[in-house]
2 protein chains.
Amino acid sequence: MQESLGTAASAEVLQLPVAPLLDRLRELVLSGDYPAGAAVSETLLAQEFNVSRTPIREALKQLQAEGLVEIRPKVGTFVREPSRREVVEMFQVKEILEGLAAGLMARRGAVPQLELLEENIEASEMAAQNGDSETYARLVHEFHQLIVDGSDHLKLGEHYRTLMNQLAYHRLVTTSIAHPGRMPRSVAEHRKVVAMIRAKDAMGAEWAMRDHVVTSAREVSTEHTNADG
Amino acid sequence: MQESLGTAASAEVLQLPVAPLLDRLRELVLSGDYPAGAAVSETLLAQEFNVSRTPIREALKQLQAEGLVEIRPKVGTFVREPSRREVVEMFQVKEILEGLAAGLMARRGAVPQLELLEENIEASEMAAQNGDSETYARLVHEFHQLIVDGSDHLKLGEHYRTLMNQLAYHRLVTTSIAHPGRMPRSVAEHRKVVAMIRAKDAMGAEWAMRDHVVTSAREVSTEHTNADG
DNA sequence: TAGCGTTATCTACCATGCAAGAGAGTTTAG
DNA sequence: CTAAACTCTCTTGCATGGTAGATAACGCTA
């Protein structure tokens with residue numbers, strides 16, 4: 001939603017001075033440099049970016065619309081930390097979005113994207129065998145993103161990006177997907193999804209994808225529950 | 001997404017001076033007073049609302065993040081008109097969101113909301129028999145909204161609201177759902193959804209809902225295609 | 001007459017300054 | 001010692017003015 005004309009569209013036209021400030025601010029928030037519900041001061045950001053407070057304010061309002069920060073009037077702006085309930089809900093939405101994406105890919109029969117997916121799976125298996133959990137986690141994210149991108153569905157992509165941005169704060173959680181016992185099963189589920197897509201079985205692909213998401217979410221959830229409460 | 005702390009949350013606390021401007025501006029855009037890709041001038045709006053251009057600008061940036069307007073740098077702000085492809089895509093996302101909502105309602109077994117749904121269906125049937133297409137269209141919208149609200153799912157509600165806002169410009173299209181031949185079948189589909197929810201058949205409810213959405217979307221689509229191109 | 005260069009005006013953009021609310025710290029009364 | 005009231009400082013909120021870029025109208029030239 002936030003890239004309606006700014007983020008990605010302008011990059012390809014190389015309009016550098018158009019809106020890099022919003023992107024830089026978003027990255028700053030998503031990077032996790034600001035601990036949790038930490039305050040982000042307009043004045044400090046203005047000094048940081050060598051601009052006046054006005055454009056900073058405008059960008060923060062946009063980030064608020066994206067659900068990344070919370071602006072308390074006359075008090076300050078704070079990095080938004082989704083509640084436990086919200087995280088669960090976001091994974092539920094993530095599930096149906098990715099399910100739709102997989103189904104659409106199967107319906108289209110996107111061959112070149114399929115090869116990318118299989119390369120990704122091969123690399124994932126390699127990383128899993130080598131115990132390279134960091135690379136593995138990155139490849140898993142890439143797999144899901146490839147599914148979404150492969151669906152060639154703009155609105156789906158927008159909603160998905162919004163969701164992932166709001167979930168970005170939980171990168172620490174998602175990195176726990178690189179759990180030793182989980183990895184081989186996850187790879188198998190990825191394979192099943194790709195097989196369904198290759199077979200052009202839209203419904204099968206959708207449900208394989210949804211089952212994969214809900215399974216991994218459950219395991220991550222219990223993992224996280226055991227960890228901090 | 002846009003009501004993270006503004007729209008609904010502040011209303012119940014009765015903080016009128018907090019952010020009515022964004023809401024008023026949003027309503028102004030959604031009302032359709034501005035034809036299509038019409039320009040909305042900061043200066044004019046500032047005069048209209050008796051404020052300076054600065055808060056107007058901030059609100060417009062938020063509306064841009066919500067996908068309702070498009071800001072062309074150094075040129076102007078225009079009400080965004082979704083392309084045909086985007087409309088189709090939005091209905092696809094609408095389908096899975098409402099499917100998820102119906103499934104969740106079935107899983108929860110929300111009894112009070114079920115009665116509201118059945119009242120709605122009764123009223124819809126009355127309106128259909130009386131040929132009151134305006135009331136009928138309103139009730140259909142209310143039915144879908146009741147499903148979403150009944151799911152008691154915050155994030156789902158946010159994504160759904162974003163979607164419906166962007167689709168609001170096509171109210172003229174959605175009013176064509178009150179087509180004489182379509183109405184009785186639509187009511188029957190509503191009944192089936194409610195029956196599935198009452199039977200606590202989550203999967204059945206989800207697919208009944210999705211089938212209903214995709215069916216009505218197809219009929220509306222062909223209707224609209226016949227109308228203007 | 002058609003095409004191009006020029007200018008004039010309209011737009012958003014951003015910097016600055018002032019004002020008002022919220023919150024914390026302090027002081028004072030009980 | 002506790003609690004309430006007060007003040008002080010920090011924050012955002014908003015108004016205003018100057019600036020730069022984009023667009024369209026106009027005049028010039030071929």
Side-chain angles (χ1 to χ4, degrees), chain A residues 2 4-7 9-11 13-26 28-29 34-66 68-80, chain B residues 2 4-7 9-10 13-26 28-29 34-80:
Chain A
Q2 67 279 9
S4 292
L5 58 75
T7 310
S10 60
V13 201
L14 197 60
Q15 289 179 333
L16 287 187
V18 61
L21 199 148
L22 175 62
D23 297 336
R24 289 209 289 166
L25 250 179
R26 189 186 296 113
L28 194 66
V29 170
Y34 292 87
V40 289
S41 163
E42 293 180 1
T43 312
L44 290 180
L45 289 177
Q47 294 175 356
E48 184 90 13
F49 290 98
N50 276 319
V51 293
S52 126
R53 276 176 37 222
T54 308
I56 298 286
R57 278 179 60 77
E58 294 171 357
L60 287 179
K61 287 288 181 75
Q62 291 182 271
L63 292 185
Q64 181 188 30
E66 294 176 17
L68 295 181
V69 302
E70 173 184 357
I71 301 179
R72 294 219 294 267
K74 297 282 188 181
V75 176
T77 304
F78 307 88
V79 206
R80 186 155 161 66
Chain B
Q2 68 279 12
S4 292
L5 57 75
T7 310
S10 60
V13 201
L14 197 60
Q15 290 179 330
L16 288 187
V18 62
L21 200 148
L22 175 63
D23 297 336
R24 289 211 287 167
L25 249 179
R26 188 187 295 113
L28 193 66
V29 170
Y34 292 87
V40 289
S41 163
E42 293 181 1
T43 312
L44 290 180
L45 290 177
Q47 294 173 357
E48 184 91 13
F49 290 99
N50 275 319
V51 292
S52 126
R53 298 190 329 266
T54 309
I56 297 286
R57 274 182 61 76
E58 294 172 356
L60 286 179
K61 286 290 181 75
Q62 290 182 270
L63 291 185
Q64 181 187 30
E66 294 177 15
L68 295 181
V69 302
E70 173 183 358
I71 301 179
R72 294 219 294 266
K74 300 280 188 182
V75 176
T77 304
F78 308 87
V79 275
R80 187 156 160 65

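Note on naming: letters A, B, ... go to the chains in the order of the sequence lines (proteins, then strands), and numbering restarts at 1 for each one.
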Check the pair A/L63, A/E66 against side-chain contact (heavy atoms from CB on, under 4.5 Å), reporting the backbone distance first and the verdict last.
-> CA-CA 5 Å; A/L63 292 185; A/E66 294 176 17; 3.8 Å; yes
Decide yes or no on side-chain contact (heavy atoms from CB on, under 4.5 Å) for A/K61 and A/E58, but give the supporting numbers first.
-> CA-CA 5 Å; A/K61 287 288 181 75; A/E58 294 171 357; 5.7 Å; no
Could you please spell out the steps behind the side-chain contact (heavy atoms from CB on, under 4.5 Å) verdict for B/R80 and B/L68?
-> CA-CA 5 Å; B/R80 187 156 160 65; B/L68 295 181; 5.9 Å; no
Go through the steps to decide whether A/R26 and A/V29 satisfy the test side-chain contact (heavy atoms from CB on, under 4.5 Å), and finish with yes or no.
-> CA-CA 5 Å; A/R26 189 186 296 113; A/V29 170; 5.8 Å; no
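Here the C1' atom of nucleotide C/dA12 and the CD atom of B/E70 are 14 Å apart, to the nearest Å. For B/K74 and C/dT11, the NZ to P distance is 14 Å, given to the nearest whole Å. The distance from atom CD1 of A/I71 to atom P of C/dA22 is 16 Å, rounded to the nearest whole Å.
Side-chain atoms of B/T77 and B/L45, non-hydrogen and from C-beta on, never get closer than 4.5 Å to each other.
Listed by residue number, B/V51, B/S52, B/R53, B/T54, B/P55 are the residues of residues 47-63 of chain B with a heavy-atom contact under 4.0 Å to DNA chain D.
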